[in-house]
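Here's the structure, in structure tokens; my notes come after.
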Protein chains: 2
Amino acid sequence: MLLLDDRKRKILKAIVDDYINTAEPVGSRSVARRHEIGLSSATIRNEMADLEEMGLLEQPHTSAGRVPSDKGYRVYVDQLMTKRQLTADEIDCIEDSLRSRISEIEQLLKQASAVISEITKYTSLAITPQMNRSIIKAIKLILVEDDKVLIVIFTNAGIAKNSLVKIGAGVSLDSLVVIANYLSDRLTGITLEMVNIESLRFDAQRIMTRDRHIIDPIINGVEDCINQIASAEVFLDGTANIFNFPEFQDMMRAKKFLSILNAKDILASMMFNSPQGEEIKVRIGIENEVDELKDFSLITATYSIDCEIIGSIGVIGPRRMHYPKVIASLNHIRKVINRELSNLLGDDVEGQ
Amino acid sequence: MLLLDDRKRKILKAIVDDYINTAEPVGSRSVARRHEIGLSSATIRNEMADLEEMGLLEQPHTSAGRVPSDKGYRVYVDQLMTKRQLTADEIDCIEDSLRSRISEIEQLLKQASAVISEITKYTSLAITPQMNRSIIKAIKLILVEDDKVLIVIFTNAGIAKNSLVKIGAGVSLDSLVVIANYLSDRLTGITLEMVNIESLRFDAQRIMTRDRHIIDPIINGVEDCINQIASAEVFLDGTANIFNFPEFQDMMRAKKFLSILNAKDILASMMFNSPQGEEIKVRIGIENEVDELKDFSLITATYSIDCEIIGSIGVIGPRRMHYPKVIASLNHIRKVINRELSNLLGDDVEGQ
DNA sequence: GTTAGCACTCAACTTAGTTGAGTGCTAAAT
DNA sequence: ATTTAGCACTCAACTAAGTTGAGTGCTAAC
């Protein structure tokens, strides 16, 4: 951890704060003027030269002020910034849009994404829970219209998904009962990621003596249900917000940004690699694994059920992001999501 | 219908064609040069002055060439443009991404949207079917975990949606059978839009003598299922494509554009007001009802099941859109969607 | 160690001048 | 009666030169 003396800390903080607010390179004189440091611009100039040498500041060109480097932002985030609290209004806003009356997890995260971008004015992300580890509680086959079967799988996380498949007509009810029991035996109590579709299909061939042609469609339906439950969806909001920032007046950059947002799989993978234990993760510029994001900062927060991290929410914006506010917002919203999820899935499921 | 003599038609067509390709105002000399009209630039100049007087062309400023007006584009689309056929490659591309192996209607339309923007290079839209008119075929209640009921509704359009609700523990199976039969009686055979949730709830109170506390959650679950089936979803693709056009280098315009794309409800309403009978509708600039779209052209095409229009796909781009290509693409894709939908829902539902 | 002063740098802005594609009009040619 | 060549005019877009001002680094005095 990089240690700075008090004066350098004050000056670096002042520069980052100013730059976050103005997007203009910060000069020594304006630091002396706008902040009560009690030093002349000349002294500050010397300190700034030191900070630049240490790699914390950069100069766009000789006669401009300084701009924080990625490393500078990192020190700011880790050591210097003054933590912010949300205002009562902001908290109300979050509660209003997320509290109760939301019946589906997808809805909850969509709303969460909307409220994040509303409060932070950046582009927000929310990914639906990773349900690979959830346990199959029940699987039902329902005959509808004598040649179609509705397959329903239901997990301990309170999710049920269905798939409708056509089987040939004239299948005996007995055969359906046989395969239904088989599936129930094989699948109940195990997690989604443990399901091996091909061995399931193979073994079904062995136990079924009649009506074997129904195996393939039904197993496919089971696979479909499992995929539906396991697949993660990414919600975005406030994508147009990026245009509010002067550094993205450049069309090329804006286009690149939108292209990334359209690559949902890349977003999803970014969101997932938060190590356990870390509730909020800040990636500044070059720290992003994804190359196209090295002009951006990404802040993510995890949410969980029963202390297991299952998904995350986040914000993408310029490196010059208002870190204190975004971190405070995400931290609050992740707690609300945790609370709502446990309401939704736990004992209090009510009404819907 | 505006009638033009042959020479004016040729000149207007040449100007619109050139402007669509270059985005530069077209001058009399370049019309004379690039198209075989056999007239000098001076004559063409006179004709252009006439066309301007008729409101078909506009001049950005005195010493620039001419640009088509909305009315000019309209004449071009209705009378002048040479219809295009898709190339074999394009048709293959469409077939590859839409044919078979798609089990869900949502997937089909998502793919359709993707392929539209891939082929046209504009921003594409696809709205999921309006299912208000579909008929409820069956409704099932499944008891899971002795205090939760899974409600499944299944329609003639092959859609099944479920909702999981919690009822108090210790409900007798008899009560569940009573309400299941009641719901089945009341709902089977009617369309979604005919369902009156409140009268359903009210009458349930009358027929149920015991376990009345389960009525509210269950009716809410029914409502939830119906809403899930009836709600239309809008898929977008190629949103970043707008930046490829020089007329959208302007940030304000680009931002406005993205804002509209985020207002899914506005998009949905635009997509829906295609009168029956019209397969392809072209709205040019000012012809758009939505104010924010008056700098754009919107082309929509309907798709249907059993000859009833249930949804649409479309393209948004600059007024200077490549109309022949977009119209040909949408027309082809709508036919493929019709075909796939009838495969999906009709007799050929197979496996998945 | 701190600061005032000064020469220097350089992006951003202003101004004036140039270019060139395009027009409208008129008079000659067909 | 059309069509066309010729010419004067317009105006956005580009270029070049000059100005401004915020900022720097260095040095010498405090």
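With hydrogens and angles ignored, no donor-acceptor pair under 3.5 angstrom links the side chain of B:Ser40 to the base of D:dT4. Side-chain N/O atoms of A:Arg45 and base N/O atoms of D:dG25 include a donor-acceptor pair closer than 3.5 Å.
When the P atom of D:dG23 is taken as reference, atom CZ of A:Arg66 falls 11 Å away, rounded to whole Å. Rounding to whole angstrom units, CD1 of residue A:Ile44 and C1' of D:dT24 are separated by 14 Å. The separation between A:Glu47 atom CD and C:dT3 atom P is 11 Å, rounded to whole Å. One interatomic measurement links the two molecules: CE of A:Met48 to C1' of D:dT24, which rounds to 9 Å at whole-angstrom precision. In this structure, CG of B:Asn46 is placed 12 Å from P of C:dT26, rounded to the nearest angstrom. In this structure, the CZ atom of B:Arg7 is 4 Å from the P atom of D:dT3, given to the nearest Å. Atom CZ in A:Arg29 sits about 15 Å away from atom C1' in C:dT3, given to the nearest Å. For the pair B:Asp50 CG and D:dT3 C1', the interatomic distance rounds to 14 Å; values are reported in whole Å.
In terms of phosphate contacts, A:Thr62 brings no side-chain nitrogen or oxygen within less than 4.0 Å of OP1 or OP2 of D:dT24. OP1 and OP2 of C:dT23 both lie 4.0 Å or more from every side-chain N or O belonging to B:Ser63.
Base-pair partner of D:dG23: C:dC8 (Watson-Crick or G-U wobble, both distances under 3.5 Å).
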Checklist entry - Where do A:Thr239 and A:Phe257 land on the side chain to side chain contact (heavy atoms under 4.5 Å, CB included) test, with the steps shown first? => result CA-CA 9 Å; A:Thr239 49; A:Phe257 180 67; 5.5 Å; no

Next on the checklist: Between A:Phe243 and A:Phe248, does the ring-ring contact (aromatic ring centres under 6.0 Å, His included) criterion hold? Intermediate values first, please.
Outcome noted: CA-CA 6 Å; A:Phe243 296 114; A:Phe248 293 95; 8.8 Å; no

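Among the heavy atoms of the strands lying under 4.0 Å from A:Ser28 are primed sugar atoms or P, OP1, OP2 only; no base atom is included.
In this structure, the side chain of B:Ser259 engages the main chain of B:Lys255 through a donor-acceptor pair within 3.5 Å.
Taking each heavy atom of A:Pro68 and A:Glu58 in turn, the nearest pair found is O-OE1, 4.5 Å. Annotation for B:Ala23 and B:Glu247: closest pair CB-OE1, 4.2 Å, computed over non-hydrogen atoms.
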